[in-house]
Novice: 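Before I ask anything, let me first share the structure, which is written out below as structure tokens.
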Amino acid sequence: MMGIDLERELNPQQLAAVRQTEGPVIIFAGAGSGKTRVLTYRIAHLLDIGVSPFRVMAVTFTNRAAAEMRERVLRLVGRDARDLWVSTFHSMAVRILRREARFIPYDSSFIIYDDADQMTVMKHCIQELRLDDRKFRPRGVLAEISGFKNELVTPKQCQELASSVREDGVAGLYSLYQEKLLRQNAMDFDDLLMQVVELFRAEPTVLERYQDRFQYIMVDEYQDTNHAQYVLVRQLAGGRRNICVVGDDDQSIYGWRGADIRNILTFEKDYPEVKVIKLEQNYRSTQCILAVANALISHNRGRKPKELWTSNGVGDPVSCYQSCDEKDEAMFVTSEIRELVNREEASYRDCAVFYRTHAQSRALEEEFIRSGIPYRIYGGVRFYERREIKDILAYLRLVANPADEVSLRRVINVPRRGIGETTIARAEEAASREGKSLAYLLEHAERIPDLGKRAQEALKNFFQMVNTWRKLESGVNVAGLAERILEDTGYLSILEADDTAEAETRLENLKEFLGVAERYDCSDMDSSLDGFLEELALVTDIDNYEPGENAVVLMTIHGAKGMEFPVVFITGLEEGIFPHAHALMEQDDVEEERRLCYVGITRAREKLYFSWAIRRFIYGNSEPKGPSRFLEEIPPEYLCPAFCRRGGGRDTDKKGHTVQESSAGNKEAAAATAAAAADAFRVGDKVEHKKFGRGVVMETKFGPGGDLEIYVSFESAGFKHLMAKYAPLKKA
């Protein structure tokens, strides 16, 4: 290997993983433990000991990861390694299917349909079988079919398993869908894996040929494999059993899309002779961050025990901030980032803000804009640029301004109401001849030549709705108007009937938008529709930042997998938000949420912040919140309270505790009583007051005389500043 000293380049566990070339091997690679390094050195070592690159295959989940692995190997071995198969599962499947097309019912030139293509085919299937598309939503049915394919369930088996009218209908759609794909010589992404598995089952000699070729197989991110991928790997490794899988059960976070954590947890049962290696030395994070990660994930029962450690140093304590609401939380995040940048401890690009759902980004985005801090969103678009948000805004703008043709064009057929491009084109021609606006001609459909009665009726009904909303405008607030529009158009009911993850996300975003409108209606600002639209126009008038720019990254924690940042904020750590409300009923789902939190924590290299709100205005409602169980599962000595800096003359020490300027004598008095007072009330304690009722301790500090002062947020009385020795306050 060009003189590379493995003992010097790798730690003992990594070295063992690289040198164990024969037989089954499972490498439990903890976060930041150098798994990519191990895989690339392992491939290079195989080539160095004389294995032909033609005999080696490495499979991962992203093209970027595959390209990086291939480039690293080329740099290490210093020779042409073009015969290596380093690819994603789907790329590998395509390559095999094209080569072996004579054994499958497709021509070698088959095409691969994307999501939009699949939707088109499924819509035709629903129409052909004369099914109610409100009960059989195309996207929902496709999601069910994807699940069947991931489990290697054929249309015939699906039909045999059907036990209800709906299941029978889905089975019929699955069968017809596959027939149409076959007639068009097309596959979807799930077909690629399923077809390879079926090929190997039907043609043992073909399987033997690939088993003989791929004598050394490596699989990255094994915890993310679904059943089809699991079976495919077992088929290929069934010859010499030189199979090496690398993964981390503590980072299995894609169960909702078919990944099965059992694949990695039961690997030792599938291969009893397996060599098990654990990579626990972390090269990314500080010991403080790892202590928090280890403490949290230890609460999961379904895992292989491992303990991350590092020689990077202790590092800064992990901060935990309790905010009043989502706006206060966003202000804390932006304030902390600005201070880090001003103190030259970080740049904007060093900072990442994570949240559980896209809908949570709205308050953060608005505060970043107001603060003038550049940001960019990965894994999603900005809140006000999302399709459903742009749709409702277009409706509102059309109500406010009848001449707004851009908004009219956007929503005139959304949801679909039979006003197609042909109608628009004829209206445009008539508008041009008569010197009228497009909006005028569409509203006066009788003036459009050769327009059918159905289109005329659809236009008439549409403008009747719009005119009704215009009459309502002066009598209802913005939130009420938006709700009426979503109801009259059927926008909400269509999404509610489409039982998919995407529809649920869009519904959450619309509810979040209604919450923004309600907050505006309750504010002291001009509560007119024009004022609301003007405010949002200012908020959303942002430059698009390039990926390489110096900007803070905002993303869901799912999107953060595989990334790392010097500074990480994990926001919204409240029960029902994170862990998500949908996960609270099943222990397995809670454990996946905990793994997700663990993934977020282990993205941080130097600084980590948690935040939660005692009230959050989300999905259209302002609700009291409690801290996430994940915060409560972390020993308090691992967390450092961080307080907002609203008060004049207040500052914080290095541990985040509030410090008040005072005489030396007073500081000594405070220090003398600190131990006893700290046991009385702590930040986050739920308390009761005879007059003010129930509340939560937001901050504690010692005053000039050494007396403990408590800042409490009461459910009904708001914020109060109390003296502990006088206030009739007790823990709830």
Side-chain angles (χ1 to χ4, degrees), residues 319 321 323 325-390 393 505 508-509 512-513 515-516 519 535-573 577-578 596 599-601 603-613 616-618 642 644-645:
S319 295
Y321 179 75
S323 61
D325 55 25
E326 73 281 357
K327 282 196 170 184
D328 183 32
E329 179 182 58
M331 289 172 64
F332 164 71
V333 171
T334 54
S335 174
E336 197 67 27
I337 290 174
R338 186 184 290 107
E339 288 191 22
L340 290 172
V341 172
N342 289 343
R343 294 197 302 263
E344 297 185 350
E345 295 181 22
S347 63
Y348 289 131
R349 68 167 58 90
D350 292 333
C351 303
V353 184
F354 300 156
Y355 34 80
R356 177 62 180 82
T357 65
H358 284 298
Q360 292 169 250
S361 71
R362 191 263 311 166
L364 291 162
E365 290 184 64
E366 291 182 352
E367 190 57 39
F368 274 103
I369 293 166
R370 293 190 181 97
S371 302
I373 295 178
Y375 75 95
R376 50 194 164 96
I377 291 184
Y378 275 109
V381 295
R382 289 181 172 89
F383 182 81
Y384 294 108
E385 292 178 358
R386 290 167 183 146
R387 179 177 54 169
E388 58 275 9
I389 304 303
K390 290 178 74 70
L393 280 172
T505 298
E508 289 179 349
N509 290 334
E512 177 71 3
F513 178 85
V516 173
R519 185 182 288 275
E535 181 186 354
L536 292 193
L538 293 174
V539 168
T540 57
D541 188 18
I542 321 164
D543 293 331
N544 292 319
Y545 294 96
E546 296 299 325
E549 69 184 327
N550 186 25
V552 179
V553 170
L554 273 66
M555 59 178 17
T556 65
I557 303 186
H558 279 106
K561 181 79 185 301
M563 304 182 77
E564 59 181 68
F565 302 89
V567 182
V568 167
F569 294 80
I570 301 180
T571 62
L573 274 163
I577 299 293
F578 195 14
L596 184 60
V599 165
I601 292 169
R603 301 309 95 193
R605 295 208 300 258
E606 300 166 13
K607 294 180 183 293
L608 175 64
Y609 298 83
F610 294 139
S611 64
W612 70 281
R616 186 171 294 274
F617 205 91
I618 194 166
C644 48
R645 299 158 174 80

Novice: Would you compute the distance between atom CZ of Arg338 and atom SG of Cys351 and round it to the nearest 0.5 angstrom?
Specialist: 12.0 Å

Novice: Can you name the nearest heavy-atom pair linking Ala359 to Glu508, along with the distance?
Specialist: CB-O, 4.3 Å

Novice: Measure the CZ-CZ distance between Phe578 and Phe610 for me, rounded to the nearest 0.5 Å.
Specialist: 9.5 Å

Novice: For Asn509, which of Arg362, Glu388, His358 qualifies under side-chain hydrogen bond (donor to acceptor under 3.5 Å, both in side chains)?
Specialist: Glu388

Novice: Side chain of Arg616, backbone of Glu326: donor and acceptor closer than 3.5 Å?
Specialist: no

Novice: Can you check whether Leu340 reaches Lys607 side chain to side chain, under 4.5 Å on heavy atoms?
Specialist: yes

Novice: Can you confirm if the NZ or CZ of Arg519 lies within 45° of the ring axis of Phe617 and under 6.0 Å from the centre of its six-membered ring?
Specialist: yes

Novice: At what distance, to the nearest 0.5 angstrom, does OG1 of Thr571 lie from OH of Tyr355?
Specialist: 8.0 Å

Novice: Side-chain contact, heavy-atom cut-off 4.5 Å: Phe368 with Ile337?
Specialist: yes

Novice: What is the distance from atom CD1 of Ile557 to atom CD1 of Ile570, rounded to the nearest 0.5 Å?
Specialist: 5.0 Å

Novice: Are the side chain of Thr556 and the backbone of Arg356 linked by a donor-acceptor contact shorter than 3.5 Å?
Specialist: no

Novice: To the closest 0.5 Å, what do you measure between OG1 (Thr505) and CD (Glu512)?
Specialist: 13.0 Å

Novice: Quick check: do Phe569 and Ser611 have side-chain heavy atoms less than 4.5 Å from each other?
Specialist: no

Novice: Would you indicate whether the side-chain heavy atoms of Ile377 and Met555 approach each other to under 4.5 Å?
Specialist: no

Novice: Closest heavy-atom contact between Gly572 and Glu329?
Specialist: N-OE2, 2.9 Å

Novice: Between Asp350 and Val567 (side chain of the first, backbone of the second, donor and acceptor by atom type, cut-off under 3.5 Å), is there such a pair?
Specialist: no

Novice: Verify the distance criterion only: is there a donor paired with an acceptor across the side chains of Thr357 and Gln360 at less than 3.5 Å?
Specialist: yes

Novice: Can Tyr375 and Glu365 be counted as having a side-chain donor-acceptor contact under 3.5 angstrom?
Specialist: yes

Novice: Give me the ring orientation class for Phe332 and Tyr321: parallel if the planes are under 30° apart, tilted from 30 to 60°, perpendicular past 60°.
Specialist: parallel

Novice: Can a donor-acceptor pair be found, under 3.5 Å and without considering hydrogens, that links the side chain of Ser347 to the backbone of Val341?
Specialist: no

Novice: As an exercise, state the distance from CZ of Phe354 to CG of Leu573, rounded to the nearest 0.5 Å.
Specialist: 12.0 Å

Novice: When you compare the side chain of Ile577 with that of Trp612, does any pair of heavy atoms fall below 4.5 Å?
Specialist: no

